[in-house]
Amino acid sequence: MIRSANKKTLLITGGAGFIGSHVVRKFVKSYPQYHIYNLDALTYAGNLENLKDIEDYPNYTFIKGDILDVALISEIFYKYRFDGIIHLAAESHVDRSIDEPLAFVKTNVLGTVNLLNAAKNLWQDTTQGCRFYHISTDEVYGTLGKDGLFSETTAYDPNSPYSASKASSDHFVRAYGETFGLPYVISNCSNNYGPNHFPEKLIPLFINNIMENKALPVYGDGKYTRDWLFVKDHAKAIDLVFHNGKNQETYNIGGFNEWQNIDLVKLLCKMMDQKLNKPEGTSQRLITFIADRPGHDLRYAIDASKINKELGWKPSVTFEEGLEKTIDWYLDNQEWLANVTSGDYKDYYKKMYK
Ligand code: NAD
Ligand code: TYD
């Protein structure tokens with residue numbers, strides 16, 4: 001266990017991205033006695049606008065940098081002497097991983113190993129009070145059929161270049177634990193949704209398309225199932241696992257909230273019609289079934305009973321509440337959406353959806 005009353009110097013990687021920005025905000029605000037360093041390369045998915053409200057906090061520092069940069073990572077580990085690392089930086093979108101697998105191997109695998117080396121070197125004299133926390137995904141477990149849940153002991157069986165790269169990075173974290181005694185925790189979470197989500201993933205993409213009256217491209221027959229968790233509930237789980245989780249253990253995090261894509265999209269359409277004062281059925285007419293994603297995993301579902309029993313965590317909002325908060329955020333932050341969908345996004349969209 002890591003006690004939170006102590007002063008700590010933490011490195012959070014990928015803090016300008018979707019989940020990372022919620023984690024950085026939570027730690028900066030909840031732990032004024034800590035200093036939080038946010039390292040992010042600011043790829044297309046990273047955006048400092050996500051952290052505008054906390055950028056002047058005295059316990060927060062942003063470092064622009066790449067987790068693949070060996071000299072920089074070694075330098076900042078020695079300069080700041082981190083006690084803890086919460087590692088979120090990654091290439092995170094399955095469709096992009098099908099288009100460009102090597103980028104995923106570089107950032108997700110090599111980048112993680114670079115951070116592990118730096119932590120191992122810094123903590124070689126003592127690992128007391130230190131912890132490397134790897135944020136991972138339920139996609140490492142592959143796909144479920146109609147029944148069953150992923151538990152912490154489910155065998156890894158990844159199907160996409162994204163999930164294979166995350167599985168590999170999880171294995172490296174465990175290997176550093178076994179071989180070098182590096183204290184680590186890993187959590188594998190289901191699909192997140194909420195404010196600041198880049199509009200390439202299902203929910204923000206479809207909110208944006210409805211606002212722009214564009215087609216809603218549903219892959220295959222839309223019968224694929226995902227478990228959805230509100231991002232702020234994930235950030236709370238990360239806080240708990242970081243402070244109270246046991247070293248060398250894995251925690252599965254999920255929303256107890258399975259939806260077939262088509263049902264989720266219909267609910268989203270209905271809620272958007274209400275918010276935009278359009279007659280019911282308007283947005284649903286935008287649904288367009290398109291060619292399936294190669295290697296598309298049928299179903300993900302998480303058994304989150306370990307984190308619930310051991311750390312007392314459970315989601316705080318229902319899906320309908322979380323979705324409403326998410327829609328309201330996008331409607332109130334259209335400038336954010338306009339900024340991230342200008343430039344390169346247009347080329348990405350054309351390439352992916354022809
Ligand atoms: P994201 O794509 O929104 O953000 C990734 C962040 O990492 C961005 O800020 C980007 O600039 C940064 N980054 C990328 N490559 C980098 C590099 N080489 N060096 C430094 N920074 C780099 O991702 P997200 O959805 O917030 O996911 C964060 C983490 O959580 C990832 O590790 C992902 O695998 C994991 N995860 C995501 C979900 C989900 O539903 N989004 C679910 C479970 C686990
Ligand atoms: P996504 O948000 O990309 O997350 P993941 O692939 O990591 O689960 O996709 C969620 C589900 O929605 C998945 O089954 C694929 C599907 N999907 C579509 O049908 N159309 C789309 O345009 C996108 C991006 C996803």
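As the structure is a prediction and not an experimental result, all values here were calculated from the model. Both ligands and their constituent atoms are indexed starting at 1 by order of listing.
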Practice task
Report the nearest protein non-hydrogen atom to atom 17 (N) of ligand 2: residue, atom name, distance rounded to 0.1 Å.
Solution key: Y219 CD1, 3.5 Å

Completion exercise
The protein heavy atom nearest to atom 17 (C) of ligand 1 is D66 OD1, 3.6 Å

Exercise for the section: Closest by any non-hydrogen atom to atom 4 (O) of ligand 2: pick that one out of L216, I203, V265, N191. Expected result: N191

Handout entry: Selection from H93, K201, E139, M352 by shortest heavy-atom distance to atom 7 (O) of ligand 2
Key = E139

Quick one: which ligand 2 atoms are inside 4.0 Å of a heavy atom on [X]?
X: H296; result: 13 (C), 14 (O), 15 (C)
X: E200; result: 24 (C)
X: L205; result: 22 (O)
X: V94; result: 6 (O), 7 (O)
X: N261; result: 11 (C), 12 (O), 13 (C), 14 (O), 16 (C)

Taking distance alone, with N or O pairs closer than 3.5 Å, would you say [X] contacts ligand 1?
X: S92; answer: yes
X: H197; answer: no
X: L68; answer: no
X: N192; answer: yes

Below 4.0 angstrom, N of the basic side chain to O of the carboxylate: do [X] and [Y] qualify?
X: D328; Y: K275; answer: yes
X: R299; Y: E258; answer: yes
X: D273; Y: K270; answer: no

Considering the heavy atoms of [X], write down every atom of ligand 1 situated less than 4.0 Å from one of them.
X: K166; result: 31 (C), 32 (O), 33 (C), 34 (O)
X: I135; result: 30 (O), 32 (O)
X: G65; result: 19 (N), 20 (C)

Just to be sure I read this right, does ligand 1 sit under 4.0 Å from the backbone of [X], its side chain, both, or neither, counting only heavy atoms?
X: H93; result: neither
X: N47; result: neither
X: Y162; result: side chain

Exercise for the section: Could you tell me if the ring centre of H171 sits under 6.0 Å from that of Y156? Expected result: yes

Handout entry: Within reach of ligand 2, part of Y353 (heavy-atom separation under 4.0 Å)
Key = side chain

